[in-house]
Amino acid sequence: MDQEQILARITAMVDEERALREGVASGQVDTETEHERLADLERALDQCWDLLRQRRAKAEFGENPDDARVRPASQVEDYEG
């Protein structure tokens with residue numbers, strides 16, 4: 001996945017997150033479903049941001065950004081850079 005694809009995926013997940021919250025507010029989505037899906041989205045977003053940071057760091061230091069790999073959610077959750 002290149003940088004543009006990662007950013008597009010992040011944008012899509014943020015849009016889905018926003019739609020979920022609007023769905024709960026309008027009564028179209030129950031809160032349990034929202035919480036479960038939001039947890040999934042947060043993990044996936046953490047992974048995407050981590051992958052993007054890896055790619056940028058590799059490019060900055062003259063390495064191949066395509067060597068960056070998605071790390072397990074447990075490794076990147078709650079990352080504070």
Side-chain angles (χ1 to χ4, degrees):
M1 211 179 328
D2 67 22
Q3 182 169 313
E4 295 304 316
Q5 291 170 316
I6 296 167
L7 289 170
R9 183 159 183 207
I10 288 170
T11 299
M13 285 188 282
V14 169
D15 289 345
E16 183 179 350
E17 181 180 33
R18 195 172 295 125
L20 273 171
R21 293 184 191 284
E22 289 172 3
V24 168
S26 69
Q28 294 175 335
V29 177
D30 66 272
T31 55
E32 183 177 335
T33 300
E34 178 208 25
H35 290 293
E36 289 173 6
R37 183 61 189 139
L38 284 175
D40 291 341
L41 285 170
E42 288 172 5
R43 281 188 291 276
L45 279 166
D46 285 345
Q47 288 176 300
C48 283
W49 283 116
D50 177 66
L51 181 59
L52 189 60
R53 281 190 294 271
Q54 286 182 60
R55 288 185 60 83
R56 288 176 175 170
K58 286 185 179 297
E60 181 180 341
F61 291 99
E63 297 177 30
N64 184 352
D66 293 335
D67 289 342
R69 297 287 175 246
V70 175
R71 293 190 271 206
S74 61
Q75 187 176 358
V76 300
E77 283 184 316
D78 303 317
Y79 173 81
E80 293 182 20

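Position 1 is the first residue of the sequence, and the numbers go up from there.
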Problem - Audit row: Gln28, Glu22, side-chain contact (heavy atoms from CB on, under 4.5 Å) steps and yes/no - result: CA-CA 8 Å; Gln28 294 175 335; Glu22 289 172 3; over 6 Å; no

[atom1] of [X] to [atom2] of [Y]: how many Å apart, nearest 0.5 Å?
X	Y	atom1	atom2	result
Leu41	Glu34	CG	CD	10.5 Å
Thr11	Glu4	OG1	CD	9.5 Å
Arg9	Leu52	CZ	CG	12.5 Å
Arg37	Glu42	CZ	CD	11.0 Å
Asp50	Ile6	CG	CD1	9.5 Å

Handout entry: Hydrophobic cluster membership, Val76 vs Leu38, 4.5 Å side-chain cutoff
Key = no

Side-chain donor-acceptor pairs under 3.5 Å in residues 62-69, sequence neighbours left out?
residue	atom	partner	partner atom	Å
Glu63	OE1	Lys58	NZ	3.3
Asn64	OD1	Asp66	N	2.8
Asp66	OD1	Arg55	NH1	3.1
Asp66	OD1	Arg55	NH2	3.4
Arg69	NH1	Asp66	O	2.9

Handout entry: Carboxylate-amine/guanidinium proximity below 4.0 Å for Arg21 and Glu17
Key = yes

Problem - Any donor-acceptor N/O pair, Gln5 side chain to Asp2 backbone, under 3.5 Å - result: yes

Practice task
Would you mind reporting whether Gln47 and Leu51 have side-chain heavy atoms less than 4.5 Å apart?
Solution key: no

Handout entry: Side-chain heavy atoms of Arg56 within contact of Glu60, under 4.5 Å
Key = no

Practice task
Begin with the C-alpha distance, continue with both residues' side-chain angles, and end with the deciding distance and a verdict on salt bridge (Lys or Arg N to Asp or Glu O under 4.0 Å) for Arg43 and Asp46.
Solution key: CA-CA 5 Å; Arg43 281 188 291 276; Asp46 285 345; over 6 Å; no

